[in-house]
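Below you'll find the structure, written out as structure tokens, and then a few comments.
Side chains are part of it too, since the values below use all heavy atoms of this structure and drop only hydrogens, waters and symmetry mates. Each ligand, and each atom within it, is numbered from 1 in the order the structure gives. The structure displayed is predicted, hence computed values, not measured ones.
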Amino acid sequence: MFSRQIPRVLGLAAAVALAAGAALGVSSCSYQNEQELFAGEQISCDTVSVTYRGTIAPLLAQHCQRCHGPTRAESGVVVTSHHDVQTLGRTGQLLGVIQHKPGYPAMPDDEPMLGACDINKVKIWVRAGMPDN
Ligand code: HEC
């Protein structure tokens, strides 16, 4: 009778360990994957390979340069070079205007707010020290 019960206890312990492992695996995964945070809004949001030339410059060219470029510089602001954008990042203006924070004019001036994915990319780049990459 004693020898019959040992395998049963071992089996139960293994099942508990498996369940605990599965629960841990699921919870750590969902918090590490930033893409999932935006799943409802956009199919995918690549916040891993954010660079100035590949991500930030094209984004600003599309949404901002019309009014903040060589031909038109509203408020004296231009976003054509890394140096210009870095300066705006340092003063807090870049994140202030795109997030429509109080005290900043909401940008883009004549378009809806940028999507959460784009705003997050700019935040990530600013937090990374605004590299010229
Ligand atoms: C349709 C034209 C237009 C577009 C597009 C536009 N802006 Fe502006 N921007 C303006 C105007 C006009 C002002 C001056 C508004 C004011 O001072 O109230 C301004 C002001 C600013 C300022 C100065 C803010 C301050 O604190 O004085 C910044 C920084 C700025 N824009 C950044 C951007 C960025 C970044 C984008 C793109 C995401 C953008 N703008 C898109 C017209 C535009």
Side-chain angles (χ1 to χ4, degrees):
M1 177 174 148
F2 192 69
S3 61
R4 266 224 230 116
Q5 268 178 358
I6 289 174
R8 261 215 227 149
V9 171
L10 284 178
L12 185 70
V16 168
L18 266 177
L24 276 175
V26 167
S27 65
S28 64
C29 191
S30 64
Y31 287 109
Q32 275 165 8
N33 187 354
E34 226 165 326
Q35 300 193 349
E36 282 188 13
L37 294 173
F38 298 97
E41 208 167 306
Q42 241 156 322
I43 307 291
S44 74
C45 181
D46 178 8
T47 52
V48 176
S49 50
V50 171
T51 62
Y52 177 69
R53 272 184 285 274
T55 318
I56 306 303
L59 202 156
L60 300 179
Q62 188 186 343
H63 296 285
C64 319
Q65 260 174 37
R66 214 158 23 91
C67 305
H68 300 288
T71 53
R72 183 177 164 191
E74 291 290 354
S75 273
V77 170
V78 279
V79 294
T80 33
S81 74
H82 173 263
H83 179 79
D84 300 326
V85 184
Q86 194 179 38
T87 305
L88 291 176
R90 284 214 181 101
T91 61
Q93 282 172 296
L94 181 62
L95 289 178
V97 297
I98 64 168
Q99 291 182 101
H100 297 189
K101 288 206 172 149
Y104 296 95
M107 295 291 140
D109 196 40
D110 64 348
E111 279 176 46
M113 195 178 192
L114 298 178
C117 177
D118 282 343
I119 291 175
N120 206 41
K121 286 175 182 173
V122 178
K123 276 192 197 164
I124 284 167
W125 179 74
V126 171
R127 267 192 230 129
M130 300 174 278
D132 187 2
N133 55 0

Please verify whether a non-hydrogen atom of Val79 lies at under 4.0 Å from ligand 1.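 Checking ligand 1 against Val79, which is what was asked, there is no heavy-atom contact under 4.0 Å.
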Member of Val78, Leu94, Val126, Val97 meeting the side chain to side chain contact (heavy atoms under 4.5 Å, CB included) criterion with Leu88
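When side chain to side chain contact (heavy atoms under 4.5 Å, CB included) is applied between Leu88 and each of Val78, Leu94, Val126, Val97, only Leu94 qualifies.
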**Report entry** side chain to side chain contact (heavy atoms under 4.5 Å, CB included), paired with His68, selected from Leu60, Val79, Thr80, Asp84
**Finding:**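 So the option named by the test is Val79.
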How far is atom 5 (C) of ligand 1 from its nearest protein heavy atom, and which residue and atom name does that atom have?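 Answer, as residue, atom name and distance: His63 O, 3.3 Å.
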>> Among all protein heavy atoms in this structure, tell me which lies nearest to atom 27 (O) of ligand 1, with the distance rounded to 0.1 Å.
In response: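 Residue, atom and distance for the closest contact: Gln93 NE2, 3.9 Å.
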Review point. Under 4.0 Å from ligand 1, counting heavy atoms only, is it the side chain of Glu111, its backbone, both or neither?
Key: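 Neither; nothing of Glu111 gets under 4.0 Å from ligand 1.
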Assess whether side chain to side chain contact (heavy atoms under 4.5 Å, CB included) is satisfied between Leu95 and Ile119, documenting all intermediate values. CA-CA 8 Å; Leu95 289 178; Ile119 291 175; 5.7 Å; no
Note to self: Strictly distance-based, threshold 3.5 Å: is any side-chain N or O of Tyr52 a donor or acceptor partner for the main-chain N or O of His82?
What the structure shows: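 Pair found, side chain donor or acceptor close to backbone of His82.
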- Task: Apply salt bridge (charged side-chain N to carboxylate O under 4.0 Å, His left out) to Asp132 and list each qualifying residue two or more places apart in sequence or on a separate chain.
- Result: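 For Asp132, the residues satisfying salt bridge (charged side-chain N to carboxylate O under 4.0 Å, His left out) (neighbours in sequence not counted) are Arg53.
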Applying salt bridge (charged side-chain N to carboxylate O under 4.0 Å, His left out), can you list everything that pairs with Arg90, at least two apart in sequence or on another chain?
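Residues passing salt bridge (charged side-chain N to carboxylate O under 4.0 Å, His left out) with Arg90: none at all.
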Check your understanding: Considering only heavy atoms of Ile98, which atoms of ligand 1 have at least one such atom less than 4.0 Å away?
Key ->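 Answer for ligand 1: 38 (C).
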**Study point:** Pairwise distance CG(Asn120) to CD(Gln99) - rounded to 0.5 angstrom
**Key:**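 If we round to the nearest 0.5 Å, Asn120:CG and Gln99:CD are 9.0 Å apart.
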Q.
If I only include protein atoms of type N, O or S, how many are less than 2.8 Å from atom 8 (Fe) of ligand 1?
A.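 That number is 2, waters not included.
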| field | Within residues 93-113 or reaching into it, pairs that qualify as salt bridge (Lys or Arg N to Asp or Glu O under 4.0 Å) - sequence neighbours excluded | value |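 Of all non-adjacent pairs touching residues 93-113, those that pass salt bridge (Lys or Arg N to Asp or Glu O under 4.0 Å) are Arg66-Asp110, Arg66-Glu111.
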